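Input: a single structure, listed below in C-alpha cells.
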Amino acid sequence: MPEVHKHTHPNLFWLKTKDGSTRLATINAEPGKKVYTERLVSKDGIEYRTFDPHKSKLGSAIMKELQNFPFIEGSKILYLGAASGTTVSHISDMIGADGSIFAVEFSARSLRDLVVVAERRQNIIPILADARFPEEYSFTVPLVDVVYEDVAQPRQAEILKDNVQTYLKKDGYFFFAVKARSIDVTKDPKVIYDEVIKDLESAGLTILEKIDIEPYEKDHIVIVGQKKV
Ligand SMILES: C[S@@+](CC[C@H](N)C(=O)[O-])C[C@H]1O[C@@H](n2cnc3c(N)ncnc32)[C@H](O)[C@@H]1O
C-alpha cells in the first residue's frame, strides 16, 4: 500500500510508492482515466494521479519549492499554451468543480487532444486561439484569479502583459514560465531573466518569486507575481 501525505499546498499530495520513491500527486477528478503517462495509485478509496515534474513547469516549480500557490478550490484560471492538457489536467484536479480553466492553445492538433480531456472534465474550457491577440477570446473569458503562461514564444513577456492587463483581477496572480532560448538563443539566460523582470515591473506588476526549474528544464525560470494596481 502506498503512503499518502498532504503537501503544504492545498489539494496536493506526496505518494510514497512500493519502490520507495516519493512522487507528487493530485486526486484524480475522473477515476480510472489518465491524461498522459502519469501513474494512477489508489489508497482508501481515493485515486491519485502522479504529477510528473519533467512534463510540467508547474510540477517542476512545486518540486523547487514554489511558495505562492493560487491554484485553489474555485479558482478561475486563464491558461495560455495549454497543449494537450498535461498541466491543465492537474490544475483541473486541484480547483474542483467550482473552478474553471480557460485553456488557450493555437495548435489545432494539440487542441483536439485537449477537447477529449475537456469532454470528461467540466471545469476545462478549451479555446482555439492565439494568445498574442487576447481580444480573440473576450467572448468567453471573464476576469480571472490567475493567468498562467507557458508558450515558448519570442514575445512571451508582451503576451503575458497584454493578457494580465485584459483578464487578471486586481490582486490576482500570474505564473509565467520563461524560456530564455525562445527569446534570444545568443544571450546569457540570466541577462534575459533580468530584462524580463524589469519589463514586468515597469508595467506595474509585482514580482513575488523567481524559480530556476533546473534540473527539470534547462534555461527556464518560473516567475510568479501579482497585479496589485
Ligand atoms: C511548452 S508547450 C506547453 C505545455 C503545457 N503548458 C503543459 O505544461 O502541459 C507550449 C504550447 O504553447 C502553444 N503556443 C505557443 N504560442 C502560442 C500562442 N501564441 N497562442 C496559443 N498557444 C501558443 C504551443 O502550441 C504549445 O502547445
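The first residue in the sequence is number 1, and the count goes up from there. Atoms within a ligand are numbered from 1 in the order they appear, just like the ligands themselves. Treat the numbers as computed from the prediction; the structure is a model and nothing was measured.
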Notebook entry, point to check: Which residue owns the protein heavy atom closest to atom 19 (N) of ligand 1, what's the atom, and how far is it?
Noted result: Asp130 OD1, 2.8 Å
Notebook entry, point to check: Any idea how Tyr36 and His90 line up, ring-wise: parallel (<30°), tilted (30 to 60°), or perpendicular (>60°)?
Noted result: perpendicular
Check: What protein heavy atom sits nearest atom 4 (C) of ligand 1, and how far away is it?
Finding: Asp150 OD2, 3.4 Å
Next item on the list: Report the nearest protein non-hydrogen atom to atom 15 (C) of ligand 1: residue, atom name, distance rounded to 0.1 Å.
Entry: Val151 O, 3.1 Å
Next item on the list: Flag the pair His7 / Phe13 as yes when their ring centroid distance falls below 6.0 Å, and as no otherwise.
Entry: no
Next item on the list: Would you mind checking which non-hydrogen protein atom is closest to atom 12 (O) of ligand 1, with the distance to 0.1 Å?
Entry: Gly81 CA, 3.4 Å
Check: Can the ring centres of Tyr167 and Tyr137 be said to be less than 6.0 Å apart?
Finding: yes
Next item on the list: Describe, in one word, how the ring planes of Phe175 and Phe71 are oriented to each other, choosing from parallel (under 30°), tilted (30 to 60°) and perpendicular (over 60°).
Entry: perpendicular
Next item on the list: Return the orientation label for the Tyr79 and Tyr148 ring planes: parallel under 30°, perpendicular over 60°, tilted otherwise.
Entry: parallel
Checklist line | Lys/Arg-Asp/Glu bridge criterion (N-O < 4.0 Å) met for Lys169, Asp145 | finding: yes
Next item on the list: Could you check atom 20 (N) of ligand 1 against the protein and tell me its nearest heavy-atom contact, residue, atom and distance included?
Entry: Ala131 N, 2.8 Å
Margin query: Could you check whether Glu149 and Asn163, counting side-chain N and O atoms only, form a donor-acceptor pair closer than 3.5 Å?
Written below: no
Margin query: Can you check which of Leu114, Val104, Ile159, Thr87 brings a heavy atom nearest to atom 9 (O) of ligand 1?
Written below: Thr87
Notebook entry, point to check: Should Ser110 be counted as touching ligand 1, given the test is an N or O pair under 3.5 Å?
Noted result: no
Check: For ligand 1, which atoms, with element, lie under 4.0 Å from some heavy atom of Ala129?
Finding: 20 (N), 21 (C)
Next item on the list: Considering the heavy atoms of Tyr79, write down every atom of ligand 1 situated less than 4.0 Å from one of them.
Entry: 5 (C), 6 (N), 7 (C), 8 (O)
Note to self: Can you report which non-hydrogen protein atom sits closest to atom 1 (C) of ligand 1, along with the distance?
What the structure shows: Lys57 NZ, 3.4 Å
Check: Between Asp150 and Lys57, is there a salt bridge with N-O shorter than 4.0 Å?
Finding: yes
Check: What protein heavy atom sits nearest atom 25 (O) of ligand 1, and how far off is it?
Finding: Glu105 OE2, 2.6 Å
Check: Which protein heavy atom lies closest to atom 22 (N) of ligand 1, and at what distance to 0.1 Å?
Finding: Phe106 N, 3.2 Å
